[in-house]
Amino acid sequence: MNREPATNRFLFTAGALLGLLALTVGAAYVNLGPFNTIAALTISAAKTVLILVFFMEIRERSPVIWVALATGFFFFGIMFALAMSDFLTRGWK
Amino acid sequence: MPDSTLAHAPQFDDASQQRESATFGMWIFLATEILFFGAMFLGYTAYRLAYPAAFAAASRHTLLAFGATNTAVLLISSATMAFAVRAAREKRRTALTVRLLLTAALGVLFLCIKGFEYAREISEHLLPGASFQFDQPYASHAEMFFYLYFLMTGVHALHVTIGVVLIAISGFRAWRTDAFMRNDTAVDLLGLYWHFVDIIWVFLFPLIYLVERHS
Amino acid sequence: MNTETRELPMTLEPRANYLNDGHSIRSWLLTTDHKRIGLLYMVSITLFFFVGGAAAAMMRLELLRPQGGLVTSALYNKLFTMHGVIMVWFFLIPSIPTVLGNFLVPLMIGARDVAFPRLNLVSWYLFIAGGASALWAIIAGGVDTGWTFYTPYSSTYANGHVLAMAAGIFIAGFGSIATGLNFIVTIHKMRAPGLTWFRLPLFIWTIYTTSLILVLATPVLAITLTLMALERLFGVGIFNPAMGGDPLLFQHLFWFYSHPAVYIMILPSMGVVSELIPCFSRKSIFGYNFIAYATISIGVFGFLVWGHHMFVSSQSVYAGMIFSILSFLVSIPSAIKVFNWTATLYKGSITFQTPMLYAFGFIGLFTIGGLTGLFLAALAVDVHLHDTYFVIAHFHYIMVGGAVMGYLGGLHFWWPKITGRLYCEWLAKLAAVTIFAGFNLTFFPQFILGFMGMPRRYPVYAPEFQVLNVLSTAGASILAIGYLLPLAYLLWSLRYGKPAGANPWKATGLEWKTSSPPPRDNFANAPVVTEEPYNYDAQAAELSLEENSHA
């Protein structure tokens, strides 16, 4: 197989993703208190960025596609934040 | 655009308009999927915050070796899919066929591992319902965890299954039909879907298998 | 009548158009023509409208007498559930987007079809499959949960065919998602040369925003109903408090869809009104940009307010305050629109043709509906008014007074374009006035009833409420006649109506530049847009010039 830049990029990405997988499993066995979950989700977010950038080639897509993706996450954020405004404050006196 | 001489559907002016429309449509579909899975993630978060200890106890009963292996399988399959998209763009027929079928095979491997995992869990009475058994004091709230677990991984597995079928069909079409090789949009869209399903799993994995593993 | 002597007599030999492009059943059921699919939807939702209307008629008859007696309490529960489910999911949500939207979006933007014509047909089949499942649930014995399917009642206790009903809504929901996706891509990618975003008809802006809501909210409904169904099927679940579940999670998810769904119903109507007002005032619309931005902001704000349906649930009072404040904010873009429409009327050359009567009806009724919504958004007031007839009256002013008026206005406005025929104008005016009068007589008394404390969803009531209930039932009878009239004269016009000509209203917009009914590919020559929308001033100058040259 001739090693084009794309090939290297995909292999590097796959390697980085597997590395992050190992990291997230390892981190789970260290007691970080509430930061265990935060660390795990941060690593997931990092993996997502790698997949979006290198596999889904988000940078080469048109801006309208960035907006479509951002809209999906934005409205998920709205659902999450406002529903949590109930669940988290229900016990407050 | 070099491909503007390609055949296109009558409602479009040219092939590049058709390609842009199809790609945009797929991304909108993925935005829909974010909300679809998002509702389940919301439910998970609400109950994990309400019953943290039960969720931690339940999570320690999940089979991490299976989960981690499956994560690796899906991540590698995403890479093979990215290579397949590259092959489609370069019109390399053999490479495209092999890479698509390899991706589909990895998808099948994922589903098999998942199936064995489900079977183990069912035999350990972790399937919510009448036969569910879990150590007190967490029994009922652990059932909630496993309900969410089976639901979310089940819906995800359904997406993987759909992906495997479509990718396998594309693999055979790439091998058999010339028309399929002329237009690489279909493989590109399939790739987007497959990577998205991968992203969902990337979030499911720590939320299911890694809750308070250290204690 | 709208035919003017100036127009040339129409040839009786029909030109090739989308209606005579194939006459077989197959040419309709397998069509990918957006115009024909629009008509398929029109026929189907009309059917559902009369099914849902029949349930409403039974309820109003039951409520003639305080002690009821016409139907059993159990049947009454099934009637209001059937009315709600059918009207919301199988009439109001599809109404303008799928009928007028399908017909008009490609025409208005100068395209030959939507971006994905086959997906468009699939949407209709999903809608029909979902509708069949819902109708089956009704025929097989009905559902008594109310259209909101609140858990744990729906998931644990309710008898009846909850699963079939939920499956129907679930399937139709995917049709909605596909339609929304199709419209978004079409509007982005297939506009005619020169048709920039701020030259789009405002109807397109509202359909675009509606599509966004369909695409973003419907998946949440789908998963919510799935969760409810799984809980019902397997007795496992996350909404059952007996098992540590939280019924409010269901309500949050349900209203995350169902509140924006209100905007799915009302926004396209606002779009129709934004087309009608300039045309029948012969003026450019006032504040085009403001209306366009207000449309988008209503769509976004619509997602932020769902908790106002849950003020008297055990929702956190702090969340209640947030939702209350946000609910008040929605009134700002809505008011901007109402002010812009009235400002468009100012000093216009207004004619009172049928579509315009509906537009006036819309503005008045929507304003009442919107303002009473503010009463309900106020936390303390809602404690008194929640689950009373005040709420019923409020949302019927929005959904019937608003959405249905807009749909009928649009139907009358574009009927000549859709069918190539003119309907009987005086009958149409009579129907519009009848509907307006009947509607107000039906629902205004319900505001008073609700304020006095009459709860919704009961088949019996205290005797002192009877006078107002009789008024409401009388109004409903008038309303029923009003709705049957268009069915008669519109069908009549198909055969006996005068040919309409390409542009009977002298309206601007690309859809009026092609023949009526339009040819299969919409335009004989691909249109190019060179002017702003609603350019009625330029059009008036052009018309008078033409007249002079004729003289």
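Order of the sequence lines sets the chain letters (A, B, ...), proteins ahead of strands, with each chain counted from 1.
- No other option in B:Glu212, B:Arg48, B:Glu33 has as many heavy-atom pairs under 4.5 Å with chain A as B:Arg48.
- In summary, the aromatic rings of B:Tyr51 and B:Phe55 are positioned with their centroids too far apart to meet the 6.0 Å limit.
- B:Thr32 does not touch chain A: none of its heavy atoms, backbone or side chain, sits under 4.5 Å away.
- Looking at B:Tyr209, neither its backbone nor its side chain comes within 4.5 Å of chain A, counting heavy atoms on both sides.
- Heavy-atom distances place no part of A:Phe54 under 4.5 Å from chain B, backbone and side chain included.
- If you check the side chains of B:Arg173 and B:Thr97, you find no donor sitting under 3.5 Å from an acceptor.
- Between B:His61 and B:Phe145, the ring centre distance reaches or exceeds 6.0 Å.
- Residue contact with chain B, scored on non-hydrogen atoms closer than 4.5 Å, involves the backbone and the side chain of A:Phe76 alike.
- In this structure, B:His195 has its ring center under 6.0 Å from that of A:Phe55.
- A distance-only check finds a donor-acceptor pair linking the side chain of B:Gln18 to the backbone of B:Ala9 [under 3.5 Å].
- Of the residues considered (B:Ala31, B:Pro52, B:Ala82), B:Ala82 shows the highest number of contacts with chain A, using heavy-atom pairs under 4.5 Å.
- Interface remark: B:Leu210 contributes backbone and side-chain atoms alike to the contact with chain A (heavy atom separation under 4.5 Å).
- B:Thr103 and B:Thr80 share a donor-acceptor pair across their side chains, judged by distance under 3.5 Å alone.
- Contact annotation for B:Leu192: both backbone and side-chain heavy atoms come within less than 4.5 Å of a heavy atom of chain A.
- With respect to chain B, the highest number of heavy-atom pairs below 4.5 Å among A:Val64, A:Thr71, A:Leu32, A:Thr13 belongs to A:Val64.
- The structure places CG of A:Leu69 at 8.5 Å from CZ of B:Phe196, a figure rounded to the nearest 0.5 Å.
- Contact annotation for A:Asn31: both backbone and side-chain heavy atoms come within less than 4.5 Å of a heavy atom of chain B.
- Side chains of B:Thr71 and B:Trp201: a donor-acceptor N/O pair is present below 3.5 angstrom, by distance only.
- Heavy atoms of B:Leu42 lying under 4.5 Å from chain A belong to its backbone as well as its side chain.
- Judged purely by distance below 3.5 Å, without hydrogens or angles, the side chains of B:Tyr118 and B:Thr153 pair a donor atom with an acceptor atom.
- With a 4.5 Å cut-off on non-hydrogen atoms, A:Ile78 does not touch chain B at all.
- In terms of heavy-atom pairs under 4.5 angstrom with chain B, the leader among A:Leu20, A:Leu18, A:Leu88, A:Ile43 is A:Leu18.
- Annotation: maximal heavy-atom pairing with chain A below 4.5 Å, among B:Gly67, B:Ala39, B:Ser78, occurs at B:Ser78.
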